[in-house]
Amino acid sequence: MTREPHAVYTHGHHESVLRSHRQRTADNSAAYLLPHLRQGMSLLDIGCGPGTIIVDLAARVAPGKVTAVDTADDALAAARVEAQARNLSNIFFAAADVHALEFADGTFDVVHAHQVLQHVADPVQALREMRRVCVRGGIVAARDADYAGFTWYPELPMLDRWLDLYEQAARANGGEPDAGRRLLSWAQAAGFDDVTPTAGIWCFATPEERGWWGGMWADRILHSALARQLVDSGLATASELTEISAAWRAWAAAPNGWLAIPHGEILCRA
C-alpha cells in the first residue's frame with residue numbers, strides 16, 4: 001500500500017521546543033547560504049517555525065519578497081510576531097505542505113528549508129516541489145541534522161537511551177532523523193545535477209551553552225509531543241523519561257561537558 005506523503009513534526013510546539021528554535025539565526029543555521037543572497041531576491045522559507053532565521057534572511061534580501069510557510073498555525077503566529085518586532089514588511093506568511101506547494105512554477109529565486117526534510121514522509125518529493133517553484137538557475141538550499149552523529153561527553157547511558165528513543169519515535173512518524181548524510185542522495189533522486197554538498201556543526205560546551213541545551217532537553221523530554229508519543233506508544237515509561245531529564249541536567253552541570261551536532265547541507269541549482 002502506498003502511503004500518501006504528509007508532514008509529521010515529531011517535536012511538536014511546546015515552549016521547550018520553541019525555546020530551542022528561537023536560538024537559531026541565519027548566521028548559526030544558514031551560513032552556507034548567505035554568500036549567495038542578494039538584495040531584491042524573492043525567497044521561500046519552508047517550515048519557518050518561530051521565524052528567527054527567516055527575519056535574518058528577509059533583512060538580507062530586502063526589498064525582495066519573502067514568503068514563509070509552515071504547517072502549524074502557532075508557529076506562523078510566532079513568526080509574525082518576530083517579523084513585526086524587526087519591523088520587516090517584506091515577509092508574507094501562509095500555511096503549506098512542502099509535498100504539494102501551492103505556488104506557480106518558477107516563482108522564487110531561492111527556496112530554503114532548515115531542519116525540515118528529516119520530518120517529512122517523502123523528502124525526494126519535497127525537493128522536487130522546492131525545485132519546481134524555484135526559477136531556472138535559482139537556488140534550493142536545505143540543512144538537516146544527523147542524529148546518529150551526535151557526540152557528547154561525559155558518556156551518560158541515559159543519553160544513549162534518549163538518542164535511541166528519539167530515532168525510534170521519528171521513524172515511527174515517517175521521518176528520517178539521520179537526514180544530514182542523505183541530503184545529497186535525496187537531491188540527486190529529485191533530479192538535481194548541480195549540487196554543492198557541505199557540512200556544518202553546532203557545538204555546545206560553555207557553561208551557558210550547556211545550561212541552555214541541557215535545560216531545554218530536560219524539559220522537552222518530559223513535556224513535549226515527543227514525550228507524549230514515547231509514553232503513549234509504550235516505547236518508554238514516564239519514570240524513564242524522568243531519568244533522561246536528570247541525565248541532561250547532569251550533563252549540563254558537568255564542567256567538562258561537550259556536545260557536537262553535525263549537519264548536512266546542500267546548495268542545488270534549479
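- The hydrophobic clustering, which links ILVMFWY residues whose side-chain heavy atoms are closer than 4.5 Å, places Val231 and Ile244 together.
- Ser233 places a side-chain N or O within donor-acceptor distance of the main-chain N or O of Gln229, the cut-off being under 3.5 Å.
- Across all their heavy atoms, Cys48 and Leu76 have their closest contact at SG-CD2, 3.9 Å.
- Counting heavy atoms from C-beta outward, Ile139 and Leu33 have side chains that approach closer than 4.5 Å.
- In plain terms, the two heavy atoms of Ala260 and Ile201 that are nearest each other are CB-CD1, 3.7 Å.
- Salt bridge annotation for Asp219-Arg249: present, with a cationic side-chain nitrogen under 4.0 angstrom from a carboxylate oxygen.
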For the pair Arg38 and Val61, evaluate side-chain contact (heavy atoms from CB on, under 4.5 Å) and give the outcome as yes or no after the intermediate values. CA-CA 5 Å; Arg38 302 187 310 274; Val61 302; over 6 Å; no
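- Under a hydrophobic-cluster definition in which Ile, Leu, Val, Met, Phe, Trp and Tyr are linked whenever side-chain heavy atoms come within less than 4.5 Å, directly or via other members, Leu88 and Leu34 are assigned to the same cluster.
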Report the C-alpha distance between Thr107 and Leu44 in whole Å, list the side-chain angles of each, state the deciding distance to 0.1 Å, and finish with yes or no for side-chain contact (heavy atoms from CB on, under 4.5 Å). CA-CA 9 Å; Thr107 300; Leu44 172 65; over 6 Å; no
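- Note that CG of Leu127 and CG of Leu117 are 5.0 Å apart. Values are rounded to the nearest 0.5 Å.
- Without hydrogens or angle criteria, Asn90 side chain to Ala58 main chain gives a donor-acceptor distance under 3.5 Å.
- Comment: Arg171 engages Asp178 in a salt bridge, judged by a side-chain N to carboxylate O separation of less than 4.0 angstrom.
- Using modelled atom types, one side-chain atom of Arg210 and one backbone atom of Ala254 make a donor-acceptor pair closer than 3.5 Å.
- A distance of 14.0 Å separates CZ of Arg182 from CD1 of Ile266, quoted to the nearest 0.5 Å.
- Leu241 and Ala227 make their closest contact through CD1-O, 3.8 Å (heavy atoms, listed as atom of the first residue, atom of the second, distance).
- Heavy-atom minimum distance, Arg181 versus Ala148: NH2-CB, 3.4 Å.
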Working for salt bridge (charged side-chain N to carboxylate O under 4.0 Å, His left out), residues Arg131 and Asp105: CA-CA 9 Å; Arg131 182 186 186 193; Asp105 295 0; over 6 Å; no
List the steps and the verdict of side-chain contact (heavy atoms from CB on, under 4.5 Å) for Ser29 and Trp202. CA-CA 9 Å; Ser29 300; Trp202 287 338; 3.5 Å; yes
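- Neither side chain, Gln188 nor Ser185, offers a donor N or O lying under 3.5 Å from an acceptor on the other.
- Taken to the nearest 0.5 Å, the CZ atom of Phe192 stands 7.0 Å off from the SG atom of Cys134.
- Note that CD1 of Ile54 is 6.0 Å distant from CD1 of Ile91, once rounded to the nearest 0.5 Å.
- Each of Asp164, Leu163, Ile261 was compared with Tyr147 under the side-chain contact (heavy atoms from CB on, under 4.5 Å) criterion, and only Leu163 meets it.
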Determine, stepwise, if the pair Val120 / Val98 fulfils side-chain contact (heavy atoms from CB on, under 4.5 Å). CA-CA 8 Å; Val120 303; Val98 68; 3.9 Å; yes
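- The closest donor-acceptor contact from the side chain of Asp70 to the backbone of Ala75 lies at 3.5 Å or more, if one exists at all.
- Across all their heavy atoms, Pro154 and Trp251 have their closest contact at CD-CD1, 3.9 Å.
- When atom types are taken as modelled, the side chain of Asn28 and the backbone of Thr25 share a donor-acceptor pair closer than 3.5 angstrom.
- Applying the 6.0 Å contact sphere to CG of Asp232 captures more than 12 heavy atoms from other residues, nucleotides or ligands.
- A salt bridge is absent between Arg269 and Asp109; no separation between the charged side-chain nitrogens and carboxylate oxygens falls under 4.0 Å.
- A donor-acceptor pair under 3.5 Å links the side-chain atoms of Glu129 to the main chain of Leu101, judged by distance alone.
- With hydrophobic clusters built from ILVMFWY side chains whose heavy atoms lie under 4.5 angstrom apart, Met216 shares a cluster with Leu222.
- Trp162 and Trp152 have perpendicular rings, their planes meeting at more than 60° on a 0 to 90° scale where under 30° would count as parallel.
- Considering every non-hydrogen atom in both Gly106 and Val135, the closest pair reads O-CG1, 3.3 Å.
- The six-membered or imidazole ring of Trp258 lies away from that of Phe204, with a centre-to-centre distance of 6.0 Å or more.
- Atoms CZ and CE, from Phe103 and Met130 in turn, are 12.0 Å apart once rounded to the nearest 0.5 Å.
- Proximity of a side-chain donor or acceptor of Ser224 to a complementary backbone N or O of Ile221 within less than 3.5 Å is not detected.
- Linking Ile, Leu, Val, Met, Phe, Trp and Tyr residues whenever their side-chain heavy atoms come within less than 4.5 Å places Met158 and Tyr166 in a single cluster.
- Of the charged side-chain nitrogens involved, at least one lies within less than 4.0 Å of a carboxylate oxygen, so that Asp56 and Arg86 count as a salt-bridged pair.
- Judged purely by distance below 3.5 Å, without hydrogens or angles, the side chains of Gln115 and His263 pair a donor atom with an acceptor atom.
- Gln118 CD to Arg143 CZ: the interatomic distance, rounded to the nearest 0.5 Å, is 11.0 Å.
- Looking at heavy atoms from C-beta onward, Thr67 lies out of side-chain contact with Leu43 at the 4.5 angstrom threshold.
- Put simply, the side chain of Asp97 gets close to the backbone of His99: a donor and an acceptor are under 3.5 Å apart.
- By the 4.5 Å heavy-atom criterion applied to side chains, Ile53 and His112 are counted as neighbours.
- Leu159 and Phe150 fall within a single hydrophobic cluster, where Ile, Leu, Val, Met, Phe, Trp and Tyr are joined by side-chain heavy atoms under 4.5 Å apart, directly or via other members.
- Remark: Phe92 CZ is packed, more than 12 non-hydrogen atoms of other residues, nucleotides or ligands lying under 6.0 Å away.
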